[in-house]
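Step one of this worksheet: look at the structure below.
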Amino acid sequence: MNPANFDFHCHSSVSDGLLSPEELVRRAAGNGVTWLALTDHDDVGGLAEAAACARDCGIDFSGGVEISIEWQGIPVHIVGLGIDGKNPVLQAGLESISNGRIERARRMDVSLAEVGIEGCFDGAMRYAENPSLISRAHFARYMVEIGVCPDTCSIFHHFLVPGKPGYVDHRWATLEESVAWILEAGGVAVVAHPGRYRFSGNGMRTFLAEFKDLGGQALEVVCGSHGSDHVQHFARLARHFGFYASRGSDFHGPEESYVDLGALAALPEDLKPVWRLLS
Ligand code: AMP
Ligand code: MN
Ligand code: MN
Ligand code: MN
């Protein structure tokens, strides 16, 4: 395994990415990624295609997933790395979350219609290659198409987030469930993009302590949505808690990502890189 330029967080069209698993792996290889993990939201359906393509392209590959959970009322994402996508406990768990997505999308449609934005369920569905993984990202793409905002980023400033039209509650997994499913499938649990959570007060430390107690082992220190302040802050927390450090672009598509595959900064040198836990 070659960790020179590893990227352990990205999405294909199996969830809300714009490229198929194969296109994604080819782009990663072309951009110089040496070891990729595909981490679609709540679905492992792209892993076999991605793994086969990685073999073809001569890069290393690990199975992954990004699980949607809620902790103290706040949506959080937990990445699982090195998982066996065929594990039945993991698969049943993921199904239990994605089951409600279509019904949630209908409620999002009603909420948007209330502010005069019509047709969002059908419009978003056209962007969802895998309908059971219909997500806010697909709604955002449709809303850009009909001219509500110029880009998906501005959509998330005015819509689809707590307190704004188009946001509805949903029952995601718990932290405990997500870590248990990942461990059951032989994987390593990683807190995704910790800089994006708005925990109050000591919330982040409480959250990380609980995550560690449950068997969580790593923190995304370098990721697409982290500036250098975030990197330093989460590097300190990784040292404090003894976490391994991960690095992932969270790439969704060429026009829609904070950073391209292969273009991430290095991890701070003294941290323990999470690839050491993967074979
Ligand atoms: P969902 O799983 O349906 O809650 O949708 C979450 C997805 O929406 C994320 O994985 C991102 O792809 C996208 N998303 C959420 N918040 C933002 C944001 N502020 N800017 C851009 N994309 C976002
Ligand atoms: Mn996404
Ligand atoms: Mn995420
Ligand atoms: Mn992601």
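Numbers here simply count residues along the sequence, with the first being 1. All of these numbers come straight from a predicted model, not from anything done at the bench. Worth knowing before you read on, the calculation uses all heavy atoms, side chains too, and leaves out hydrogens, waters and symmetry mates. Counting starts at 1 for both ligands and their atoms, following the listed order.
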Would you call the rings of F8 and W35 parallel, tilted or perpendicular, taking 30° and 60° as the class edges? perpendicular
Which of the protein's N, O or S atoms come within less than 2.8 Å of the Mn ion (ligand 3), not counting waters? E66 OE2, H77 ND1, H193 NE2
Check the side chains of N99 and R171 for a donor-acceptor pair under 3.5 angstrom, ignoring hydrogens and angles. no
Does any non-hydrogen side-chain atom of H240 lie less than 4.5 Å from one of L208? no
Do the two ring centres, one from H233 and one from H226, sit under 6.0 Å apart? no
Side chains of D60 and S62: donor-acceptor distance under 3.5 Å anywhere? no
Just by distance, no angles: are the side chains of D7 and S249 close enough, under 3.5 Å, to form a donor-acceptor pair? yes
Parallel, tilted or perpendicular: which describes the rings of F6 and W275, with under 30° parallel and over 60° perpendicular? perpendicular
Which protein residues have a heavy atom closer than 4.0 Å to any atom of ligand 1, listed by chain and number? D16, H41, R101, R104, S135, R136, A137, F156, H252
S246 side-chain N/O to E220 backbone N/O, donor-acceptor pair under 3.5 Å: no
Going by distance alone, is a donor N or O of one side chain under 3.5 Å from an acceptor N or O of the other, for D43 and S15? no
